[in-house]
Protein chains: 2
Amino acid sequence: MTGAPTAVKKRSRIQIRNRRRILDAALEVFSHHGYRGATLDQIAAEAGLSKPNILYYFNGKEEIHVSLLNQLMTSWLDPLDHMDPDGDPLEEICAYVRRKLEMSREFPRESRLFANEILQGAPRMKPHLETTLKALFDDKTALIRRWMEAGRIAPLDPRHLIFSIWATTQHYADFDAQVRVLMAGEDDVLDGAAAYLDTMYRKLLAP
Amino acid sequence: MTGAPTAVKKRSRIQIRNRRRILDAALEVFSHHGYRGATLDQIAAEAGLSKPNILYYFNGKEEIHVSLLNQLMTSWLDPLDHMDPDGDPLEEICAYVRRKLEMSREFPRESRLFANEILQGAPRMKPHLETTLKALFDDKTALIRRWMEAGRIAPLDPRHLIFSIWATTQHYADFDAQVRVLMAGEDDVLDGAAAYLDTMYRKLLAP
DNA sequence: CCCCATCCTGACCATATGGTCAAAAACAAA
DNA sequence: TTTGTTTTTGACCATATGGTCAGGATGGGG
């Protein structure tokens with residue numbers, strides 16, 4: 001068996017390094033141009049490798065994309081997963097908002113990659129969403145609902161609350177081009193957003 | 001002069017009908033697959049016309065896209081434009097939220113088309129954003145700021161307030177695939193969202 | 001009914017793009 | 001160094017796609 005370095009096998013140092021390079025380049029290109037808009041040549045150039053060499057490490061464009069998406073899923077959901085049932089409800093939620101916004105600042109490419117995928121109808125992620133994400137979502141909405149029923153935060157539909165948190169925080173990464181135009185001049189937009197969102201959710205959730 | 005029906009000239013009935021068909025088909029296809037992901041063949045099929053015929057009415061793929069975008073800009077910004085300086089601040093803003101959410105329900109394709117364009121860095125819209133949108137944005141943030149300074153609604157950064165309204169309302173159209181997965185079973189998601197957002201912004205803006 | 005402008009199409013073209021392959025190069029164990 | 005394995009590449013291929021064009025169909029005013 002010569003090929004298929006993708007299969008579960010001990011990966012050599014070179015393989016680890018080049019797969020990393022490729023995925024990083026692919027993140028850059030996919031997040032900027034979307035799946036269809038990205039080309040293997042662009043990814044190859046960005047990665048500093050030849051196109052056939054890219055195909056040596058991955059079985060095709062789609063496999064690269066799926067790899068990226070799956071790899072990202074975990075870290076993307078991590079902040080939500082970390083919402084502590086034993087913490088102070090208001091503080092937990094505000095901390096979540098803060099972390100999520102921080103991710104828009106530090107990982108805008110990842111945010112846009114996801115946004116692109118969902119916009120297209122999540123053709124390659126639906127299974128993942130239906131299992132991993134759905135489970136986590138149900139778990140956390142239940143937790144928030146308990147908090148609300150205990151009167152520790154204001155009663156609201158926890159599902160829409162989470163949607164609004166996702167929407168407001170990811171907006172700064174996904175609609176960056178628009179935000180930049182409208183906030184021309186400002187250089188600390190995200191700081192302003194952090195202050196605004198903190199105020200907003202505190203006021204909203206105060207019991 | 002035979003060609004260029006695109007030029008400003010009286011358009012025949014057939015031209016009006018077919019341009020409409022094409023733009024409608026293009027909206028469907030572009031909003032679903034993004035600019036790069038859409039093909040002229042798809043648009044032609046959707047419009048029930050042949051590809052060369054499409055090219056008879058528009059000088060190219062890009063011209064169709066730009067036409068769509070420009071045409072949509074107006075109607076998209078209309079609700080914001082209609083925020084009445086003489087109305088009751090809280091009611092005006094809540095009405096705006098309601099209208100905006102209604103557009104996510106009635107015109108999700110338009111929403112996704114814009115989202116796609118902005119996600120890619122607004123390559124074909126930046127000029128439009130910098131003029132039309134920016135002017136309207138500045139105008140309305142100023143209005144909201146006046147309302148706040150008059151103590152008629154709670155003081156917040158009006159710019160981030162508008163961002164949050166856009167984000168929370170458009171989320172239901174743009175991230176529809178995700179919302180569907182997480183709200184599986186519910187059939188009136190948008191009604192729930194309307195109630196949630198109304199509560200949210202009233203609470204947030206109460207003086 | 002005739003005629004001209006408008007409208008439409010089949011056939012075709014150039015290029016871009018995902019992907020293949022045989023063989024060369026680089027590497028590593030002996 | 002030798003030898004077998006992994007890595008890399010230039011050349012190539014099939015298909016998709018945006019776009020062109022010459023000529024045929026259609027429609028409406030006279």
Side-chain angles (χ1 to χ4, degrees), chain A residues 1-26 28-30 32-69 120 123-124, chain B residues 1-26 28-30 32-69 120 123-124:
Chain A
M1 206 194 199
T2 41
T6 302
V8 200
K9 235 182 173 181
K10 294 156 207 158
R11 281 175 187 151
S12 72
R13 220 160 328 117
I14 294 181
Q15 275 187 25
I16 291 176
R17 170 174 54 90
N18 283 354
R19 283 182 66 97
R20 216 190 288 286
R21 275 190 194 175
I22 292 169
L23 287 176
D24 193 62
E28 179 68 26
V29 179
F30 279 134
H32 197 59
H33 301 281
Y35 178 75
R36 202 77 188 321
T39 73
L40 285 180
D41 292 281
Q42 283 176 292
I43 296 173
E46 181 78 26
L49 299 171
S50 70
K51 182 167 65 169
N53 205 7
I54 300 278
L55 275 315
Y56 171 73
Y57 289 100
F58 291 89
N59 288 321
K61 188 184 179 182
E62 177 140 1
E63 194 182 288
I64 301 178
H65 196 241
V66 172
S67 273
L68 258 188
L69 250 22
Q120 312 301 317
R124 297 162 234 279
Chain B
M1 203 191 201
T2 39
T6 302
V8 201
K9 236 182 174 181
K10 297 156 206 158
R11 283 177 187 151
S12 73
R13 220 160 328 117
I14 295 180
Q15 273 187 28
I16 290 176
R17 170 174 53 90
N18 283 354
R19 283 181 64 97
R20 218 189 286 287
R21 276 191 194 174
I22 293 168
L23 287 175
D24 194 60
E28 179 69 26
V29 178
F30 279 135
H32 196 61
H33 301 281
Y35 178 75
R36 201 77 185 326
T39 74
L40 285 180
D41 293 280
Q42 283 175 292
I43 296 174
E46 181 79 26
L49 299 172
S50 69
K51 182 167 67 170
N53 205 7
I54 300 278
L55 275 314
Y56 172 73
Y57 289 100
F58 291 88
N59 287 321
K61 186 183 180 183
E62 176 139 2
E63 194 182 287
I64 301 178
H65 195 241
V66 172
S67 273
L68 258 188
L69 251 22
Q120 311 301 317
R124 296 162 235 278

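Letters A, B, ... are given to chains in the order of the sequence lines, protein chains preceding strands, and every chain is numbered from 1. These numbers come from the heavy atoms of this one structure, side chains and all, not from hydrogens, waters or symmetry mates. What you see is a predicted model, and the numbers here were worked out from it, not measured in a lab.
- Checked against dT8(D), dC8(C), dT9(D), the side chain of P52(A) finds its nearest nucleotide in dT9(D).
- R11(A) places no side-chain N or O within 3.5 Å of a backbone atom of I16(A) that could act as its donor or acceptor partner.
- Listed candidates were dT6(D), dG18(D), dC8(C). Nearest to the side chain of K61(B) is dG18(D).
- Residue L40(B) has its side chain nearest to dG19(D) when only dT7(D), dG19(D), dG18(C) are considered.
- For R17(B), the CZ atom sits in a packed shell: over 12 heavy atoms of surrounding residues, nucleotides or ligands are nearer than 6.0 Å.
- Between I14(A) and Y57(A), some side-chain heavy-atom pair lies under the 4.5 Å cut-off.
- Of the listed nucleotides (dT17(D), dT17(C), dG19(D)), dG19(D) has the atom at the smallest distance from the side chain of L55(B).
- Listed candidates were dA16(D), dG18(D), dT9(D). Nearest to the side chain of N53(A) is dT9(D).
- Protein atom OH of Y56(B) is 13 Å distant from nucleotide atom C1' of dA25(D), rounded to whole Å.
- Across all strands, A44(B) comes closer than 4.0 Å to no nucleic acid atom at all (heavy-atom distances).
- Taking the nucleotide of DNA chain C with the nearest heavy atom to each of R13(B) and K51(A), the more 5' of the two is matched to R13(B).
- Counting non-hydrogen atoms under 4.0 angstrom, R17(B) reaches nothing in the nucleic acid.
- For the pair K61(A) and Y35(A), the cation sits on the ring face: its NZ or CZ lies under 6.0 Å from the ring centre, inside 45° of the axis.
- Rounded to a whole Å, the CD1 atom of I54(B) is 14 Å from the P atom of dC7(C).
- One interatomic measurement links the two molecules: CD of Q15(B) to C1' of dC8(C), which rounds to 13 Å at whole-angstrom precision.
- Comparing G60(B) and L49(A), the nucleotide of DNA chain D nearest to each residue sits closer to the 5' end for L49(A).
- Between the P atom of dG19(C) and the CD atom of E63(A) lies a distance of 10 Å, rounded to the nearest Å.
- Between E62(B) and I14(A), the residue anchored closer to the 5' end of DNA chain D is I14(A), taking for each the nucleotide with the nearest heavy atom.
- Scored by the ring-ring contact (aromatic ring centres under 6.0 Å, His included) test, H32(B) finds no partners at all (sequence neighbours excluded).
- Checking dT17(D), dT8(D), dT9(C) against the side-chain heavy atoms of S50(B) singles out dT9(C) as nearest.
- Residue D41(A) contributes atom CG, which lies 8 Å from atom C1' of dA16(C) at whole-angstrom precision.
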